[in-house]
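Structure record follows, encoded as structure tokens.
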Amino acid sequence: MQRQAHRDTGIELALRRELWRRGLRYRVERSVVIKRRRHDIVFIGARVVVDIRGCFWHSCPLHGSMPKSNSDWWRTKLEANRQRDADTEARLREADWEIVVVWEHDEVAEVADRIEQLVRARSR
């Protein structure tokens, strides 16, 4: 698992390039509410966080799968990931941060449209 990329994945780089091309400026790999939980893209002034989630690691409802070997361990691990994601979302919203969840299979242009609209609206 240590070899698994946790930042600068293909979708992250593509989305960051698209957001930058649209004139949006952001921070990468920042904590905002919970010190030990870092977010992929953060728009500090607009108080918007973008979390990019892998379908396997975060149990995507469309593409998530469960390994057949060592399934009890994986079930516990993936459930803990889901619970942490839900906790993070709740804490961000309590602190008046908006969170945009992006799945690795999402279309970059569509996600960038949604993020741009949200950031520009919250920056006013």
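Residue numbers count from 1 along this sequence. Just so you know, these numbers come straight off a predicted model, no measurement behind them.
S31 places no side-chain N or O within 3.5 Å of a backbone atom of R36 that could act as its donor or acceptor partner. Counting only distance, with no hydrogens or angles, the side chain of R47 and the backbone of R122 share no donor-acceptor pair below 3.5 Å.
The distance from the CD1 atom of I99 to the OG1 atom of T88 is 7.0 Å, given to the nearest 0.5 Å. Between the CG atom in D85 and the CZ atom in R53 there is a gap of 3.5 Å [rounded to 0.5 Å]. Taking CZ from F43 and CG from L19, the interatomic distance works out to 4.5 Å, rounded to the nearest 0.5 Å. One finds the NE2 atom of H105 at 4.5 Å from the SG atom of C60 (value rounded to the nearest 0.5 Å). The structure places CZ of R75 at 10.5 Å from CG of N70, a figure rounded to the nearest 0.5 Å. Here CD of E12 is found 11.0 Å from CD of E104. Values are rounded to the nearest 0.5 Å.
One finds no salt bridge joining R114 and E110 here, because no Lys/Arg side-chain nitrogen approaches an Asp/Glu carboxylate oxygen to under 4.0 Å. Ion pairing between R22 and D113 holds under the 4.0 Å rule for side-chain N and carboxylate O. A salt bridge does not link R84 with D87: every distance from a Lys NZ or Arg NE/NH1/NH2 to an Asp or Glu carboxylate oxygen is 4.0 Å or more.
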Derivation and outcome, side-chain contact (heavy atoms from CB on, under 4.5 Å), residues W20 and R25: CA-CA 6 Å; W20 190 269; R25 302 301 179 249; 3.1 Å; yes
Evaluate side-chain contact (heavy atoms from CB on, under 4.5 Å) for V48 paired with Y26, printing each intermediate quantity in order. CA-CA 10 Å; V48 173; Y26 49 82; over 6 Å; no
Begin from the C-alpha positions of V50 and D40 and carry the test side-chain contact (heavy atoms from CB on, under 4.5 Å) through to its verdict. CA-CA 6 Å; V50 179; D40 300 309; 5.6 Å; no
Audit row: L92, H39, side-chain contact (heavy atoms from CB on, under 4.5 Å) steps and yes/no: CA-CA 11 Å; L92 285 167; H39 309 289; 3.8 Å; yes
Determine whether E18 and R21 satisfy the following criterion, salt bridge (Lys or Arg N to Asp or Glu O under 4.0 Å), listing intermediate values before the conclusion. CA-CA 5 Å; E18 181 62 22; R21 187 186 70 72; 2.6 Å; yes
Using the rule given for salt bridge (Lys or Arg N to Asp or Glu O under 4.0 Å), can you reason through R93 versus E89, listing the C-alpha separation, both sets of side-chain angles and the distance that settles it, and then say yes or no? CA-CA 6 Å; R93 290 203 169 98; E89 288 180 37; 3.6 Å; yes
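For the residue pair L78 and S59, the shortest heavy atom distance occurs at CB-OG, 3.7 Å.
V28 and V100 fall within a single hydrophobic cluster, where Ile, Leu, Val, Met, Phe, Trp and Tyr side chains are chained together by heavy-atom contacts under 4.5 Å. Cluster membership check: V108 does not share its hydrophobic cluster with V49, using side-chain heavy-atom separations under 4.5 Å among Ile, Leu, Val, Met, Phe, Trp and Tyr. No continuous path of ILVMFWY side-chain contacts below 4.5 Å connects I11 to V101, so the two sit in separate hydrophobic clusters. Residues I52 and I34 do not share a hydrophobic cluster, clusters being chains of Ile/Leu/Val/Met/Phe/Trp/Tyr side chains in contact below 4.5 Å. Tracing side-chain contacts under 4.5 Å through hydrophobic residues (I, L, V, M, F, W, Y), one never reaches W103 starting from V111; they form parts of separate clusters.
For the pair L15/I115, a side-chain contact is recorded, criterion being any heavy-atom separation below 4.5 Å from C-beta on. Within the 4.5 Å cutoff, side-chain heavy atoms of P67 are placed close to those of F56.
Checking each of R27, R30, R16 against I41 for a side-chain contact (heavy atoms from CB on, under 4.5 Å) leaves exactly one that passes, namely R16.
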